[in-house]
Amino acid sequence: MSTHAPQAAQAVTLPTTLDEAVAALTAMPAAVPVAGGTDLMAAVNSGQLRPAALVGLGKISEIRGWQYLDGHALLGAGLTHARMGRPDFAALIPALAAAARAAGPPHIRNAGTLGGNIASAAPTGDALPVLAALEATLIVAGTGGARREVPVSHLLAGMDVLRPGELIGYVRVPLLHAPQVFLKATGRTGPGRAVASVALVLDPARRGVRCAVGAIAPMPLRPLDAEQWVAQLIDWDNNRAIVPEALSAFGEYVAAACIPDAAPGEDGTVPPLPPAVLHLRRTVAALARRALGRALS
């Protein structure tokens, strides 16, 4: 701990276009981009971060809306949680709207942005499992007007990091026109902060189920085997019917895949999971079971 107040940023730049923001970050390598500031200001106030300069993204109108493009929604990284929670957006991407409405108290939803949720990559970020389940793609802006696409899962896993001067400009999300569900369980770690979350989307065109579990690991987890298993049990030609027992089995499958049993000891016995971990596994199982049930209902 320190008794000294965090130093104020020495310079603040307010670009009006995405390329101007990239140019500012390139010219000032020590600068930090800021949109809603919900994570950044918490780090500054706690003394963990003392930026030499800030590049504010709030005046870049091009990244604060969305548009349709080739069967996808192109979402600006500056979209706030509050804006994504509105009914017109919910009709477009229901699971992402549900995650946005669950992101925290009103002042967090009004300030926090989609791009900030991705860039900070906090495990409890509500949008992250939804974007993973939707298999969203990021459009990253670089110097000289360059644009490159990165699967959101690659960025969150550290497989493809942002380069110096780059910014997340847009998020490309497939429009599935099918049921989507986001559920989360909260604890006492903060207002609305997830202990575990589950995003589940149906893909009737491919007769597939996509599921992502958030908050329990550094990045959202995809139980691919559980997805493929349950997709084969759904009667896609008969109102997506499924036997009730399969719902419970799916929940257990997802939970076991994301929170596996402990490794066997030297004597070959498997030690029991600690009570807290066992409770978390049960929570994930319940969320996955309910999410699939709601999507199929």
Taking atom [atom1] of [X] and atom [atom2] of [Y], what is their separation to the nearest 0.5 Å?
X: L233; Y: L247; atom1: CG; atom2: CG; value: 10.0 Å
X: L128; Y: S153; atom1: CG; atom2: OG; value: 11.5 Å
X: R193; Y: T124; atom1: CZ; atom2: OG1; value: 5.0 Å
X: L138; Y: L167; atom1: CG; atom2: CG; value: 12.0 Å

Heavy atoms, side chains only, cut-off 4.5 Å: are [X] and [Y] in contact?
X: Y253; Y: P223; answer: no
X: R240; Y: P179; answer: yes
X: E20; Y: L14; answer: no
X: R281; Y: D261; answer: yes
X: L175; Y: I93; answer: yes
X: F250; Y: I242; answer: no
X: I118; Y: L155; answer: yes
X: P129; Y: V198; answer: no

Side-chain ([X]) to main-chain ([Y]) donor-acceptor, under 3.5 angstrom:
X: K184; Y: D126; value: no
X: D203; Y: V209; value: no
X: R109; Y: A103; value: no
X: N239; Y: A241; value: no
X: N117; Y: T113; value: no
X: R289; Y: G251; value: no

Of all the heavy-atom pairs spanning [X] and [Y], show the shortest one and how long it is.
X: A141; Y: V22; value: O-CG2, 3.8 Å
X: L280; Y: A196; value: CD1-CB, 4.0 Å
X: H81; Y: A100; value: O-CB, 3.3 Å
X: A136; Y: V171; value: CB-CG1, 3.9 Å
X: E62; Y: T17; value: OE2-CA, 3.3 Å

Next on the checklist: Please evaluate residues L183 and R294 with respect to the criterion side chain to side chain contact (heavy atoms under 4.5 Å, CB included), reporting the C-alpha separation (whole Å), side-chain torsions for both, the decisive distance (0.1 Å), and the verdict.
Outcome noted: CA-CA 10 Å; L183 299 174; R294 293 187 186 184; 3.2 Å; yes
Return all side-chain donor-acceptor pairs below 3.5 angstrom for residues 70-79, not counting sequence neighbours, or 'none' if the list is empty.
| unit_1 | atom_1 | unit_2 | atom_2 | d |
| --- | --- | --- | --- | --- |
| H72 | ND1 | D70 | O | 2.9 |

Item to check | Listed once per pair and sorted, the salt bridge (charged side-chain N to carboxylate O under 4.0 Å, His left out) pairs that draw on residues 72-98, sequence neighbours left out | outcome: R83-D88
Next on the checklist: Is the distance between the ring centroids of W66 and Y170 under 6.0 Å?
Outcome noted: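 Aromatic pair excluded; centres sit 6.0 Å or further apart.
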Item to check | Listed once per pair and sorted, the side chain to side chain donor-acceptor pair (under 3.5 Å) pairs that draw on residues 217-237, sequence neighbours left out | outcome: E135-R222, R207-D237, R222-E227
